[in-house]
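Everything numeric here is computed off the predicted structure, so don't read it as measured data. We count ligands from 1, going down the list as the structure has it; atoms in each ligand are counted the same way. Counting from 1, the numbers follow the sequence of the chain as shown.
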Amino acid sequence: MRRLPGEDGGPGVTRALPWRALALFLIVAGAALAAGCGDDADDASTEINVVTTLPLFADIVSNVGGERAAADSLLPPGADPHTFEPSPSDVRKIAEADVIFANGLGLEPSVLRVIGANISSDAVLVELAEAAISAGVSTIPTTGPGGPDPHLWMDPRIGREYAAIVRDTLTLADPGGAEAYSASYETYAATLDDTAQNMRDATAGVPPADRLIIATHDAFGYLARAVDFEVAGFVVPGPGQDASPAEIADLITTIEDLGIPAVFTEPQTSLETRTLEQIASDAGAEVCQLYSDALDDTVRTYVELLRFDAEELARCLGGSGG
Ligand SMILES: [Zn+2]
């Protein structure tokens, strides 16, 4: 396995290689992959077998890679990456992958452990968050101990950087696809630029005093930064953790003191969603929903996720005329 760019991937590990070193490293891996292509290809249109952790990363890969780089996610659409445990069929997908994209920064610890134990010796693992940091994006700290908030893709400008890393990685793994990957990236990057502007337009009417997000877990710092909001609180830093009665009481006080009209649950958080629904009931706030880590039948792609969230912030916090 070639783990990039960190080595052990534990929470808070940020000793990433410079991007240039990553690129050189990938050239070596890419040459090995290119030499092996065609030996056992069972689908003429697919050149490399790509696996991702999150479904929304598979969507990004599909936008950049098209049919040449068939992407499959280990997590199903509604799964929570913080607590997801891979199954035996996931192990097979990992072992057969040429390229694996994860997020890293502690987002999906169990999945990365299983990837590390089962990835093929000539396959490439890229941790998108760590590679984006190496490329120069600025991070937001988490509230507790540990490194930066791992949910970097919630800012579409950083999502564009993720797509560029995907383009570069696919190009090195499959040089014959270089032109196709580059052209697809340019189209997708323009879509992400439009999306960033649409998000700002959609939320422009929310009054300054109401530009506050309270959610089920600490996933919205980058979204908030992208649309000039702030995170005012959350039930737990990450799903699977416990909120104490004192923390719940503090959150109710925050909602009441700031006059926050709505709070936001997420489809993949069940226990935390029930807790936040009770908090909202006690504080007299509306319950709305945002997407961060998971997709579903309503929000099927990364771009749909971003647009939904911006429109939901506006709808629930008073920015869409009602
Ligand atoms: Zn999360």
Cation-pi geometry met for R167 and Y185 (6.0 Å, 45°): yes
Atom CG of D257: over 12 foreign heavy atoms under 6.0 Å: yes
Distance-only polar pair, side chains of D218 and H151, donor-acceptor under 3.5 Å: no
Polar contact flag, side-chain donor to acceptor under 3.5 angstrom, D201-Q197: yes
Under-2.8 Å neighbours of the Zn ion (ligand 1), protein N/O/S atoms only: 4
Exceeds 12 heavy-atom contacts within 6.0 angstrom, atom CD of E247: yes
D80 and T83 side chains, donor-acceptor separation under 3.5 Å: yes
